[in-house]
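To find a chain, count down the sequence lines: A is the first, B the second, and so on, and within it residues start at 1.
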2 protein chains.
Amino acid sequence: MPTQSRRERARAERHELILRTARELAESIGWGAVTTRRLADAIDYSQPVLYGHFENMNAIADAVAIQGIEELIAVLRVARTTAPNPAAGLSALAKAYLEYASNHPAVYEAIFVRPTDLEFASADSPLLLKTAFAEFQAAIEPFAAGDDPETLTEVLWSALHGQATLAHARRLRPDQRDGRVELLVARLSGKNSPPSAK
Amino acid sequence: MPTQSRRERARAERHELILRTARELAESIGWGAVTTRRLADAIDYSQPVLYGHFENMNAIADAVAIQGIEELIAVLRVARTTAPNPAAGLSALAKAYLEYASNHPAVYEAIFVRPTDLEFASADSPLLLKTAFAEFQAAIEPFAAGDDPETLTEVLWSALHGQATLAHARRLRPDQRDGRVELLVARLSGKNSPPSAK
DNA sequence: CCAGAAATCTAGCAGCGCTAGATTTCCTAG
DNA sequence: CTAGGAAATCTAGCGCTGCTAGATTTCTGG
């Protein structure tokens with residue numbers, strides 16, 4: 001192992017340390033309070049070190065977002081493919097999505113809420129977004145009936161995104177999280193209101 | 001008219017000037033760029049004058065949000081009550097909501113996106129939120145069937161909110177805005193996929 | 001062991017929200 | 001009509017932000 005390699009390894013480790021710390025900080029104090037000074041302090045280096053790894057503060061949040069969307073894709077895929085049938089798959093995927101958003105609000109914010117240049121910036125991020133989108137589409141497509149599957153997918157994703165963000169902003173009744181997603185899935189998949197009461 | 005009154009009138013005018021200017025600035029350059037210095041410059045006063053009218057910058061955005069939600073409520077009510085039947089009313093309300101969000105993105109952001117203390121802060125703002133919520137509920141309630149109307153309302157509102165925010169972030173196909181809302185409304189109201197194709 | 005390269009830090013800039021204290025403007029009483 | 005005091009307004013500045021140039025330290029290869 002040449003010296004060069006050890007340096008590179010140390011550098012890569014610190015790169016991960018920055019990301020991990022940024023993520024932890026964001027989850028505990030919110031992105032708005034994750035400043036270069038605080039982050040540098042937390043990793044025990046001076047601010048300029050951060051700029052040796054990332055172009056700016058925004059790029060750090062973007063990198064956390066990319067890690068997050070990879071996790072999210074995996075979670076969605078497991079939820080969907082583990083289910084015994086399409087209806088259960090759709091329901092599991094929807095619940096898994098909201099659960100991820102609820103358990104990792106700062107990461108979710110980094111991915112989908114924060115004003116991001118991530119759209120067309122990094123070369124691989126649009127691909128990841130497309131992959132995530134494909135998970136939604138695979139889950140809802142069996143219920144497309146005569147409608148355009150892509151449009152239906154956008155409707156599903158938007159509906160879940162809305163529930164995630166409004167729930168996080170405490171604008172929806174917390175105890176009804178499951179009720180909302182179940183009702184949404186039921187109506188979107190066409191299996192509508194139960195025969196009569198209950 | 002005693003002197004006191006003229007002063008008060010001038011003060012009220014400037015109050016409105018601040019709000020109007022803040023709103024215009026936000027719509028043209030985004031809330032992130034609406035700073036106390038820029039806003040003060042735009043109204044041709046120094047920064048401290050702003051603090052004679054509002055507690056802080058956030059309170060200005062909150063005030064814009066309150067103006068906005070009043071507008072939005074009126075828009076929703078007209079859309080809903082003008083329609084000839086419940087189905088048309090729901091559709092009109094949904095489209096009006098998305099249109100308002102699209103036409104006044106900064107105001108929409110002030111109301112529903114910006115991290116706000118508006119929840120329990122101002123005395124009248126929760127009432128306004130409840131009133132807006134009631135509009136949604138009135139529109140969707142006829143289609144509740146056996147389901148809880150409040151939950152269904154939360155589902156509707158969340159779904160529209162998601163479409164509004166993701167569309168603004170350019171993460172949904174712009175040309176499919178109407179298609180999405182129509183599909184959403186159709187599925188939520190139980191009038192599902194057309195008999196066969198097309 | 002030592003020169004040069006690489007890594008890291010110190011110190012600083014401009015802009016942010018916000019405010020204390022100086023200054024100006026205005027109203028009123030004599 | 002003017003003097004004085006209250007009200008309105010501004011200047012200047014604090015501590016924070018993201019970010020960077022240049023000094024300094026650390027490490028590496030000859």
With distance as the sole test, does A/Ser189 use its side chain to make a donor-acceptor pair with the main-chain N or O of A/Ala186 at under 3.5 Å?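 Present.
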
From C-beta outward on B/Tyr51, which listed nucleotide comes closest to its side chain: D/dC10, C/dG17, D/dG18?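 Among D/dC10, C/dG17, D/dG18, the one nearest the side chain of B/Tyr51 is C/dG17.
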
Which of the following nucleotides, C/dT8, D/dC10, D/dA21, is nearest to the side chain of A/Ser46?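 Nearest to the side chain of A/Ser46 among the choices is C/dT8.
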
What's the [atom1]-[atom2] distance between [X] and [N], to the nearest Å?
{"X": "A/Leu50", "N": "C/dA7", "atom1": "CG", "atom2": "C1'", "answer": "14 Å"}
{"X": "A/Phe54", "N": "D/dT20", "atom1": "CZ", "atom2": "P", "answer": "15 Å"}
{"X": "A/Met57", "N": "D/dT17", "atom1": "CE", "atom2": "P", "answer": "11 Å"}
{"X": "B/Ile18", "N": "D/dA8", "atom1": "CD1", "atom2": "C1'", "answer": "13 Å"}
{"X": "A/Tyr45", "N": "C/dA7", "atom1": "OH", "atom2": "C1'", "answer": "10 Å"}
{"X": "B/Gln47", "N": "D/dG15", "atom1": "CD", "atom2": "P", "answer": "18 Å"}
{"X": "B/Leu17", "N": "D/dT9", "atom1": "CG", "atom2": "C1'", "answer": "16 Å"}
{"X": "A/Asn56", "N": "D/dG18", "atom1": "CG", "atom2": "C1'", "answer": "9 Å"}

I need the full list of ring-ring contact (aromatic ring centres under 6.0 Å, His included) pairs touching residues 43-89 of chain B, with sequence neighbours left out, sorted by first then second residue.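 Counting only pairs at least two positions apart or across chains, the ring-ring contact (aromatic ring centres under 6.0 Å, His included) contacts touching residues 43-89 of chain B are B/His15-B/His53, B/His15-B/Phe54.
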
Does anything in residues 158-186 of chain B pair up under ring-ring contact (aromatic ring centres under 6.0 Å, His included), and if so which pairs, sequence neighbours excluded?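 Counting only pairs at least two positions apart or across chains, the ring-ring contact (aromatic ring centres under 6.0 Å, His included) contacts touching residues 158-186 of chain B are B/Tyr108-B/His161.
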
Could you pull out all residues at least two apart from [X] that satisfy side chain to side chain donor-acceptor pair (under 3.5 Å)?
{"X": "A/Gln67", "answer": "A/Glu16"}
{"X": "A/Thr131", "answer": "none"}
{"X": "B/Ser102", "answer": "B/Arg177"}
{"X": "B/Glu135", "answer": "B/Arg77, B/Arg80"}

Taking only residues two or more places apart in sequence or in another chain, which ones pass salt bridge (charged side-chain N to carboxylate O under 4.0 Å, His left out) with B/Glu27?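 For B/Glu27 there are no salt bridge (charged side-chain N to carboxylate O under 4.0 Å, His left out) partners, ignoring immediate neighbours.
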
Got a sec, which residues hit salt bridge (charged side-chain N to carboxylate O under 4.0 Å, His left out) with B/Arg173, two or more places apart in sequence or on another chain?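 A/Asp148, A/Glu150, A/Glu154.
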
Would you tabulate the pairs of protein nitrogen or oxygen atoms and nucleotide nitrogen or oxygen atoms of nucleotides 4-6 of chain C closer than 3.5 angstrom?
residue : atom : partner : partner atom : Å
C/dA6   : O3'  : A/Arg7  : NH1          : 2.8

At how many degrees, to 10°, do the end axes of the helix from C/dC1-D/dG30 to C/dG30-D/dC1 meet when each uses five pairs?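 Inter-axis angle at the ends, rounded: 20°.
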
OP1 or OP2 of D/dT9 less than 4.0 angstrom from a side-chain nitrogen or oxygen of B/Arg11, does that happen here?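 Looking at the OP1 and OP2 atoms of D/dT9, neither is under 4.0 Å from any side-chain N or O of B/Arg11.
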
So, using ring pair (Phe, Tyr, Trp, His ring centres under 6.0 Å) as the criterion, who are the partners of B/Tyr100 when residues are at least two apart?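 For B/Tyr100 the ring pair (Phe, Tyr, Trp, His ring centres under 6.0 Å) partners, ignoring immediate neighbours, are B/His104.
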
Can you list, by residue number, the residues of residues 31-42 of chain A that have a non-hydrogen atom closer than 4.0 angstrom to DNA chain C?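 Those residues whose heavy atoms fall under 4.0 Å from DNA chain C, taken from residues 31-42 of chain A in numerical order, are A/Arg37.
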
Count the heavy atoms of every other residue, nucleotide or ligand shown that sit under 6.0 Å from CD of B/Glu70, and state whether that count exceeds 12.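 Counting other residues, nucleotides and ligands, CD of B/Glu70 exceeds 12 neighbours.
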
